[in-house]
Amino acid sequence: MPELPEVETVRIGLSRFLPGRVIASETHDWPKGFPNADADVQEFLIGAEILGVKRRAKVLIIELSSNYSLVIHLKMTGQLVYVGEGGRFGAGHPSDSLVGQLPDTSTRVTLTCTDGSRLFFNDQRKFGWMRLLPTAEVPNIDFFKKVGPEPLADDFTADDFRERIRKRPNGLIKAVLLDQTVVAGVGNIYADESLWGAKIHPAERVRNIGDSKLNTLFNELRAVLQLSIDKGGSSDKNYVDAEGKRGSYLSFANVFRREGKPCPRHPDTNIIKTRVAGRGTHTCPKCQKEPA
DNA sequence: CACTTGACCTGTCCGC
DNA sequence: TGCGGACAGGTCAAGT
């Protein structure tokens with residue numbers, strides 16, 4: 001579920017709560033998702049102070065004073081929820097929250113700090129993972145060696161974007177956008193939203209898309225990602241931020257999960273849902289012309 | 001090599 | 001109400 005804006009929203013939240021806290025204990029029952037040896041956990045996690053929380057692509061990195069880091073991928077249904085010593089932080093309207101009392105049946109890992117606050121790693125579908133690694137080795141994991149540039153980085157330009165996209169001339173543009181080695185952090189929601197913004201059909205081959213369209217796509221992608229971060233990400237079923245709260249981006253979405261509703265540009269034309277590159281795909285048949 | 005498809009899991013929703 | 005099948009926001013491995 002979580003794409004770049006959701007993971008970034010979690011990072012921002014965790015950065016407010018975690019630094020300075022010291023990990024007192026850890027429990028998990030999930031050898032596949034968190035396979036580190038108990039001895040490493042004892043030596044490098046327990047007693048360590050949390051220094052900071054970083055993000056690269058859709059991966060979170062919690063840096064520890066032991067010179068180790070927790071590296072976490074939420075995949076489709078992962079959540080990282082922090083519960084302060086006095087209970088949940090930021091308890092707003094119940095409708096803001098998608099999680100109840102924790103731990104629950106989806107809780108895979110629980111970290112307890114010396115002040116009694118806790119961090120829960122929940123993951124209903126168990127696709128996510130967590131690794132305790134030496135901080136110096138984090139950039140060397142396979143995923144980071146292959147992953148593309150951050151689309152919101154100041155030095156990432158439209159020229160860079162086109163150059164990377166054009167290395168895959170025969171690819172469907174949506175499949176290329178979703179490929180993490182081309183650009184980091186784009187998933188199904190923001191692929192559909194940015195392609196609608198640029199009026200490009202997701203099944204169009206890259207070689208059939210002109211430079212000006214790719215430039216528009218670059219601008220739309222960055223705008224959509226930034227807007228979603230500003231709105232706290234997209235919550236459909238599972239995603240919540242570090243306080244267990246929903247994000248509101250989907251109420252601003254133009255096509256995603258809006259099948260059967262009118263296209264914002266064409267009130268007389270309804271959004272349709274199809275399948276492109278093996279993924280559910282939302283388009284306006286009027287402004288995104290299907291390739292011949 | 002470039003591209004596509006299925007597998008990994010669990011839960012939910014939809015049609016019969 | 002019960003049951004089977006399709007589907008869900010991500011990545012990899014294996015297939016063509």
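Each chain gets a letter, A, B and so on, in the order the sequences are listed, and its residues count up from 1.
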Query - Spacing of the P atoms in dA13(C) and dC9(B) (rounded, Å) - result: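 These two P atoms come out 14 Å apart once rounded.
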Query raised in the report: Taking the P atom of each, how far is dG9(C) from dC14(B), in whole Å?
Result: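 16 Å, rounded to whole Å.
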Whole-Å distance separating the [atom1] atom of [X] from the [atom2] atom of [N]:
X	N	atom1	atom2	value
W30(A)	dC8(B)	CH2	P	16 Å
N122(A)	dG11(B)	CG	P	13 Å
E6(A)	dA8(C)	CD	C1'	14 Å
D179(A)	dT4(B)	CG	C1'	12 Å
N238(A)	dC9(B)	CG	P	17 Å
L178(A)	dC12(C)	CG	C1'	15 Å
R166(A)	dA2(B)	CZ	P	17 Å
I72(A)	dG10(C)	CD1	P	18 Å

Query - Is_stacked (F127(A), dT11(C)) at 5.5 Å, 30 deg - result: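 The ring of F127(A) is not stacked on dT11(C).
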Less than 4.0 angstrom between a side-chain N/O of [X] and OP1 or OP2 of [N], yes or no?
X	N	result
K58(A)	dG10(C)	yes
K75(A)	dT11(C)	no
Q180(A)	dT11(C)	yes
K32(A)	dC9(B)	yes
H73(A)	dG10(C)	no
R275(A)	dA8(C)	yes

Taking the minimum atom-to-atom distance to the side chain of [X], which one of [options] wins?
X	options	value
R168(A)	dT11(C), dG9(C), dC3(B)	dC3(B)
K273(A)	dC7(C), dG11(B), dG10(C)	dC7(C)
N170(A)	dT10(B), dG9(C), dC3(B)	dC3(B)
P169(A)	dC3(B), dC9(B), dA8(C)	dC3(B)

Under 4.0 Å, counting only non-hydrogen atoms across every strand here, what does [X] touch: a base, just sugar-phosphate, or nothing?
X	result
R205(A)	sugar-phosphate
G187(A)	sugar-phosphate
Y190(A)	nothing
G280(A)	sugar-phosphate

**Report entry** L111(A) vs L70(A) side-chain heavy atoms within contact, under 4.5 Å
**Finding:**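 Yes. Closest side-chain heavy atoms under 4.5 Å.
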**Report entry** Side chains of L4(A) and R55(A) in contact at under 4.5 Å (non-hydrogen atoms)
**Finding:**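 A side-chain contact exists here, since the closest heavy-atom pair is under 4.5 Å.
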Report task. Consider only side-chain heavy atoms of I, L, V, M, F, W and Y, link residues closer than 4.5 Å, and tell whether L60(A) and W129(A) are in one cluster. Result ->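 No: no chain of side-chain contacts under 4.5 Å links L60(A) to W129(A).
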**Report entry** Any-strand Watson-Crick or G-U partner of dC9(B), both distances under 3.5 Å
**Finding:**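 Across all strands, not a single nucleotide pairs with dC9(B).
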[X] bridged to [Y] by N-O distance under 4.0 Å:
X	Y	answer
D123(A)	K75(A)	no
D268(A)	K286(A)	yes
R166(A)	D211(A)	yes

Report task. Report the residue (K146(A) or R125(A)) whose heavy-atom-nearest nucleotide on DNA chain C is the more 5′ of the two. Result ->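 Its nearest nucleotide being more 5', the pick is R125(A).
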Query raised in the report: Between the side chain of S248(A) and the main-chain N/O of K231(A), is any donor-acceptor distance below 3.5 Å?
Result: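 Flag set: sc S248(A) to bb K231(A) pair under 3.5 Å.
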